[in-house]
**Student:** 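Just dropping this structure here.
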Amino acid sequence: MLGAVPWVFAAGLVGYALVAGGYMATVVSFALIYAVFVVGLNLFMGFTAQVSFGQNAFAAIGGYSSAVLTTMFGWEPLPAMLTGVCGAVLAALVVGYPTLRLKGHYLAMATLAIGLITYEITVEWQSVTQGYMGISGIPPLGLGKWTVTSDRGQLVVLIAIVALSLFAAARIRASRLGRAFFAVAGSEEAARALGIDVARYKLAAFLLSAGFAALAGSLFVHVVGFVSPEVYGLHMVILSFTMLYVGGIGTVAGPLIGALIVSLLPEAFRGFKDYQDLAYGVALILLLIYAPRGLSTLFRRREARS
Amino acid sequence: MTNKRLLHVAAAALLAGLAATAAQAAEPYKIGISAGLTGYAATVDRAWRDGVEVAVATVNARGGVLGRKLEVVVEDNKSEPQEAVTVYRKMMSSDGAKIFISGCVSAGNFAAAPILARAEVPSVLCSILPQQADQAKWMFTTLPPAGFEVLTRLDYLKNKTQIKKIGVLHDPTPYANLQKSVAEKMTSQYGLELVGVEQYKQNDSDLSVQIKKMQAAGAGAILKIGLGGTTLTAAKNIKELGADMLLLTSLEDLEVFKPVAEVLGDKFLFVASPSQVYDALPDSAMKKAIGEFLTPWRAKYGERDPNWASRGWDGVMLTVAAIEKGKSFEGPAVRDAIEGLKDFQGTTGVYAFTPSNHQGITQNSFVLGQIINGQVKVVQ
Amino acid sequence: MTAAAAAGPAEVLATVGLTARYGSIEALAPTDMHVEDGELVAVLGPNGAGKSTLLRALMGLVTNGGTVRFRGRPLPRRDPVAVAASGVVLVPEGRGIFGPMTVAENLELGAYRLGRDKAEFERRWTRVFDLFPRLKERLGQVAGSMSGGEQQMLAIGRALMADPKVLLLDEPSLGLAPRVTAEILETLHRLNQGGLPVILVEQKAPLALKLAKRAYLLSVGRIVATIDPREITSYDDIAKHYFA
């Protein structure tokens, strides 16, 4: 079964990191956090074929909610994360309701603005976010007395969360909701003609993607223990887009494969020193030329015909 | 087994052990640098790195420390906290870095602080320190207190000018904010009045709105706090507005200041570290310490600004002194030894660390400089 | 019910002064047309006459004015979801199938509004395969990889999954070989014989006129004639009668 190749590859990499620990565990941990983020992005951009350049805003809301609630108000990480996710979904509702009626470039510009505005807020609202100083001393994931501080422990928790996220994405894809997303992606007019409320499903996809983004943002601060505005900067948008396209937009495995590959590539080229970015760029271009629909689709030829 | 054979075996084991120890001793002591070689911190952090490397070469040339050579591992953190965590981990687990002498990306150093504390790896930094006591315990900085740069300027205005009202123009970086709050607290103690505090962003291309406000409030001098091209922008705006104001800026690469001086002439003053005005310094212990650094530095880099590099040099020399004092390369021992360093003459001043103070510079060695006809002068 | 009575007992779908505009451009002049129970009505006209616009205006997919009446009750104007919910279902121009999805998923989307009624779903599912046995063989295939004719069958099958009370078709013959077109129109005929009212937009007039009970002739955004197919069977005839 060739379709299992991406999963075996991902499991192998993550398993290796779990055994090897150390530096590899750190790189794979960040990759998994990004995988959660990209799973959400994929719901909106892959399944529903909409564009958002502002998902980093929701990651920032999740991350800063976690950071502020745990350090300033002494909350437990779990309720803080939950609050962050709810806050991000609420923000997505407020922002998405008017902007999702915009078409094409307008929507893209509007989402870009959301990302930039949120970044400015994290810089300027110093009494809460401490600006560029950032917030340190954020407690690690855990419940009550039981906390996850070791690299491997954190990796195990992240593996579980990514597995759940991918499972959720697969379930959504196979559900009525997922089919409606794909219908909107395929042809908004045809979807409308079938009685599918296009605006509602766009909004639903947007809210879900914001939820995943916030979860990822929040995981980051609890894993690292620190947050500052740069964490959720524009580079997050660029990185997550790269992951989505390299892994395979619209597929279930794509976000995980993309996150792993795009996180590991620069590390593989670290020995190139000043030419690291160049090698990374060339590798990305080659990937996009030879696997234009993403790595996870490479092993899927003709499976649909069976 | 006969006694004789036993003796042979013991001798062999002893020899093997000795050989192993010797090999261990010969293995270099790894110094990691997490530096923003690209991104916003690139200018500062590349200079810092070069300073560290010049220091390591100098130490190795005189035989290393306790018989071991030093070796530098540098990784680019792209001026971003997440990258910093990755490269710190890489240098710890793949390269075996035992101490970090890292650059000025404070967010990156903060993000890695919990890991460093858990692994009991000390660091001597270019940046400010984290506020968590358990994290700051393992970190030291070569950075003079933020207030020194401000007080040097306030002192000048009080003693050498008739100006009574001043404004502060700053960017939103942590270090600039620290200086700003010192200015807010201290101005009145110098008999001056702070009539405006304005913020700008590092990529702003016009500051005339902020400057006009301060001009309207009667400010006779602007304390500009923050790095980069905005200093030249501010100078041009002041000239365009025809404002009769002094511009006093923070510490910066002298290269940046040359065009600024062409715009404002003697109305432009800047805080300088002693290494930047070495030739104008009177003979002293500090001048001698700076000279030890500047000789190899100038041999390699000529007239390149020595300010940040000199602090990187100090970072290495402090580490070497701590290892020699504690006679150990182990993280906790090195950390404890740094805490015990007193009266250490560096290129930026005298360092004196204590368990409760990890910011070693406690006396202000900054001077105020000017560039007149292309020549750097110390304002007396 | 008075409205229905006034409009005649057999009327299913009717427009009264229906207009459409794209931005500031009027694409459809006020139009009155209707389809009766069991009728197949053709809408003919050259390229750009506004045939597709008429169907899109009926569905509320474009900015429209005037009234669309379904069994005597006016339909909401700019709400295709509500129009579809009332049983007016469109097979759009170019088929509008969802290419990356499988045939089965496309069909399931047709029954989107049905919810969880398994029995009804099975009834519709079976009916589609009665009409298009070929689709049953292709259930797992990605829709975009099928031939044009098969895609058109899928588009109609998907519309049937919505259990339409009136079926609107926009140029089903577009880009298809004559033999395939004939096959599809034959199926349409069977559907119509089964009692389903159909509005068929076609550029190939002779084909449509063979099936239609009545035909509207559209030109430059307005109905210029209502035609009785028994009198006229070719474009040449149309040209002779109306543009001469």
**Student:** Would you say CZ of A:Arg200 has more than 12 non-hydrogen atoms from neighbouring residues, nucleotides or ligands within 6.0 angstrom?
**Tutor:**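 Not more than 12 within 6.0 Å, no.
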
**Student:** Grab the two heavy atoms, one from A:Asp197 and one from C:Val81, that are nearest each other, plus how far apart they are.
**Tutor:**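 Heavy atoms only, the tightest pair is CA-CG2, 3.7 Å.
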
**Student:** Kindly compute the distance separating CG (A:Leu194) from CE (C:Met161), expressed to the nearest 0.5 Å.
**Tutor:**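 The distance works out to 11.0 Å.
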
**Student:** Counting only heavy atoms not in C:Arg123 (residues, nucleotides, ligands), do more than 12 fall under 6.0 Å from its CZ?
**Tutor:**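 Yes, the 6.0 Å shell around CZ holds more than 12 heavy atoms from other groups.
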
**Student:** Identify which part of A:Ala180 has an atom lying under 4.5 Å from any heavy atom of chain C, answering side chain, backbone, both or neither.
**Tutor:**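 It is both, since atoms from each part get that close.
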
**Student:** Determine, stepwise, if the pair A:Glu189 / C:Arg56 fulfils salt bridge (Lys or Arg N to Asp or Glu O under 4.0 Å).
**Tutor:** CA-CA 9 Å; A:Glu189 180 149 315; C:Arg56 300 183 74 228; 2.4 Å; yes

**Student:** Has A:Phe167 got more than 12 heavy atoms of other residues, nucleotides or ligands less than 6.0 Å from its CZ?
**Tutor:**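 Open: at most 12 neighbouring heavy atoms sit under 6.0 Å from CZ of A:Phe167.
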
**Student:** Please identify, among A:Ala193, A:Ala183, A:Ala190, A:Gly186, the residue contributing the most non-hydrogen atom pairs under 4.5 Å to chain C.
**Tutor:**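 Heavy-atom pairs under 4.5 Å are most numerous for A:Ala183.
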
**Student:** Output the distance between atom CD1 (A:Ile196) and atom OH (C:Tyr112), rounded to the nearest 0.5 Å.
**Tutor:**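 Going from CD1 on A:Ile196 over to OH on C:Tyr112, the span is 6.5 Å.
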
**Student:** To the nearest 0.5 Å, tell me how far C:Met101 CE sits from A:Arg179 CZ.
**Tutor:**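 The CZ atom of A:Arg179 is 7.0 Å from CE of C:Met101, to the nearest 0.5 Å.
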
**Student:** Mind checking salt bridge (Lys or Arg N to Asp or Glu O under 4.0 Å) for C:Arg95 and listing every partner two or more places apart, or none if nothing turns up?
**Tutor:**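 If we apply the salt bridge (Lys or Arg N to Asp or Glu O under 4.0 Å) test to C:Arg95, skipping adjacent residues, there are no hits.
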
**Student:** Return the OG1 to CZ distance between C:Thr102 and A:Phe182, rounded to the nearest 0.5 Å.
**Tutor:**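 Interatomic distance, C:Thr102 OG1 to A:Phe182 CZ, rounded to 0.5 Å: 10.5 Å.
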
**Student:** Donor-acceptor pair, distance only, cut-off 3.5 Å: does the side chain of A:Arg192 make one with the backbone of C:Leu61?
**Tutor:**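 Such a contact is absent between A:Arg192 side chain and C:Leu61 backbone.
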
